[in-house]
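Below you'll find the structure, written out as structure tokens, and then a few comments.
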2 protein chains.
Amino acid sequence: MPPAPGDREARRQDVSEAVWRVLADKGFGGLTLRAVAAAMGVSTGMLMHYFPTKRALVAHALDLLERRTAERPRRARPTEGLAALRAMLLDILPLTADDTARNRIWVSSWDLALADESLGRDQADRYTRLRSAIRPHLEAARDHGELPATADPDQLAATAVAFTHGLVVQALFDPARFPPDAQTALLDTFLASIAGPASPSA
Amino acid sequence: MPPAPGDREARRQDVSEAVWRVLADKGFGGLTLRAVAAAMGVSTGMLMHYFPTKRALVAHALDLLERRTAERPRRARPTEGLAALRAMLLDILPLTADDTARNRIWVSSWDLALADESLGRDQADRYTRLRSAIRPHLEAARDHGELPATADPDQLAATAVAFTHGLVVQALFDPARFPPDAQTALLDTFLASIAGPASPSA
DNA sequence: TCGTACGTAACGAGCGTTCGGTATGTAAGC
DNA sequence: GCTTACATACCGAACGCTCGTTACGTACGA
């Protein structure tokens, strides 16, 4: 049923799935129209029906990456404070196959983002937003005595993001050395270290 | 004097310089024979005289990256322990223009490394070596009472590398928000946090 | 009958690579 | 001490291929 009108968005999602598969094992450097078409067993001409240009398809791929990151299943945010921060960072780490694929694609996109000023700004903004999302939990943690009163939430947010993404990269290249429980242990040790001696108050 | 024999290695270094310039602002995705040739004002045929294939040139580029990283000017390693670790990590951070270029190229190379199994192994080995180089300082720090006696040098090495490279990525995308002194302050706060309450001994 | 949804085939550009030609030096023969 | 022979260094043009893109043809549903 070729001219079935209305499932246009469904077709675009089929394309999304193929784009995702290509990105996951070839990276952005290997994202090509023919590769995507081959991955879904169609012609390149079909692709152009839904994405008029490659630039549109790359933009869609980045959208897809951002959307899948935003809509990924997340564990419950238990409370506010350090426990909530822990849940946020665990949701970033490559603990499952899906997380790994998503993180691989993110890291791969940095090559483009570093060479393209506009993409670089987007990435910088994403980091800013991530740090902003983390900061309230750090402020709450400090107010609840989980952190030293002298702790700087801005600095700590940058530090937590740095630790997490640095761990992501190491884990992507050496998954055998960084299985899920090792990553979790590293995160817990890190959180304990920024918490300081031992939570004095409640 | 075209056929000057003997300066063959000098010519290869000229090529290295051009490759570096291309990588620094186009990334590995933009590393092309014509781009390198144009950057040094010669023909592509000349390049093939010194690097028979593009694969050889990419391999050379990665060698160059590793060599320039190994031979970069480094600050004095004051003592052993946390001070030495601080110096090591400061030498990694993008505090100068050269450091920034080198780090950009490293991050850019991850796109290739994630897609190519052999390159991925090399990157994993580099991380292993970096952690191994860090661990002795952490052991010394622990033995000198700069770290809690319960500190795990292996875990801390991975954590320190994670923090540093995660900070590198954030700084590359948002240099305005992470000027050299901000990076240094973040590093010092991080080191103080893993040191725990306050150095009890010595 | 018309418009949408494709496949097929081809285009031009850019890629890595190859090839012939032209200098320029060194080495050998007389 | 010339000339000849040969290797090296390099350019310019071209090759074959793959890329993104376009044009054209066809089949189906409304």
Side-chain angles (χ1 to χ4, degrees), chain A residues 1-19 21-23 25-64 108-109 111-112 115-116 118-119, chain B residues 1-19 21-23 25-64 108-109 111-112 115-116 118-119:
Chain A
M1 55 305 193
D7 58 358
R8 183 171 181 87
E9 204 52 36
R11 277 310 208 182
R12 284 176 60 103
Q13 274 204 337
D14 292 348
V15 176
S16 296
E17 202 54 50
V19 166
R21 279 200 302 274
V22 171
L23 283 179
D25 74 71
K26 304 287 180 191
F28 272 89
L31 179 64
T32 186
L33 293 183
R34 284 169 174 81
V36 174
M40 59 190 301
V42 299
S43 67
T44 70
M46 182 267 201
L47 285 182
M48 310 309 283
H49 251 273
Y50 295 96
F51 299 95
T53 173
K54 162 148 190 197
R55 197 170 177 75
L57 189 119
V58 170
H60 174 71
L62 291 167
D63 268 17
L64 179 65
S108 163
S109 79
D111 184 25
L112 271 89
D116 183 300
S118 152
L119 294 180
Chain B
M1 54 300 188
D7 57 357
R8 183 172 179 87
E9 204 52 36
R11 275 314 205 181
R12 283 176 62 104
Q13 274 205 337
D14 291 348
V15 175
S16 295
E17 202 54 50
V19 166
R21 279 199 302 273
V22 171
L23 283 179
D25 74 72
K26 304 288 179 190
F28 272 89
L31 179 63
T32 185
L33 292 183
R34 283 169 174 78
V36 173
M40 59 191 300
V42 298
S43 67
T44 69
M46 182 270 200
L47 284 183
M48 308 311 281
H49 247 272
Y50 295 98
F51 299 95
T53 173
K54 163 152 191 194
R55 197 170 176 75
L57 190 118
V58 171
H60 175 71
L62 291 168
D63 268 17
L64 180 66
S108 163
S109 79
D111 185 24
L112 272 88
D116 182 300
S118 150
L119 294 181

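Just so it is clear, the model here is predicted, and its values are computed rather than measured.
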Margin query: Between Thr32(A) and Lys26(A), is there a side-chain heavy-atom distance shorter than 4.5 Å?
Written below: no

Check your understanding: Are any of the side-chain heavy atoms of Leu23(B) and Leu64(B) separated by less than 4.5 Å?
Key -> no

Sorted by position of nearest nucleotide on DNA chain D, 5' first, the leading residue of Arg34(B) and Pro52(A) is Arg34(B)

[X] (side chain) donor-acceptor with [Y] (main chain) under 3.5 angstrom:
X: Ser108(A); Y: Phe28(A); value: yes
X: Asp111(A); Y: Gly29(B); value: yes
X: Asp14(B); Y: Met40(B); value: no
X: Arg21(B); Y: Ala39(B); value: yes

Thr53(A) has its side chain closest, among dT21(D), dT17(C), dA5(C), to dT21(D)

Practice item. Have a look at Arg11(B) and say if it touches a base, only the backbone sugar-phosphate, or nothing, with a 4.0 Å heavy-atom cut-off. Key: sugar-phosphate

* Does Thr32(B) make a side-chain N or O approach to OP1 or OP2 of dG14(C) shorter than 4.0 Å? -> no

Find the distance [X]:[atom1] to [N]:[atom2] and express it as a whole number of Å.
X: Lys54(A); N: dT22(D); atom1: NZ; atom2: P; answer: 15 Å
X: Leu33(B); N: dA13(D); atom1: CG; atom2: P; answer: 18 Å
X: Asp14(A); N: dA5(C); atom1: CG; atom2: P; answer: 14 Å

Per the under-4.0 Å heavy-atom filter, residues of residues 36-49 of chain A near DNA chain D come out as Thr44(A), Met48(A)

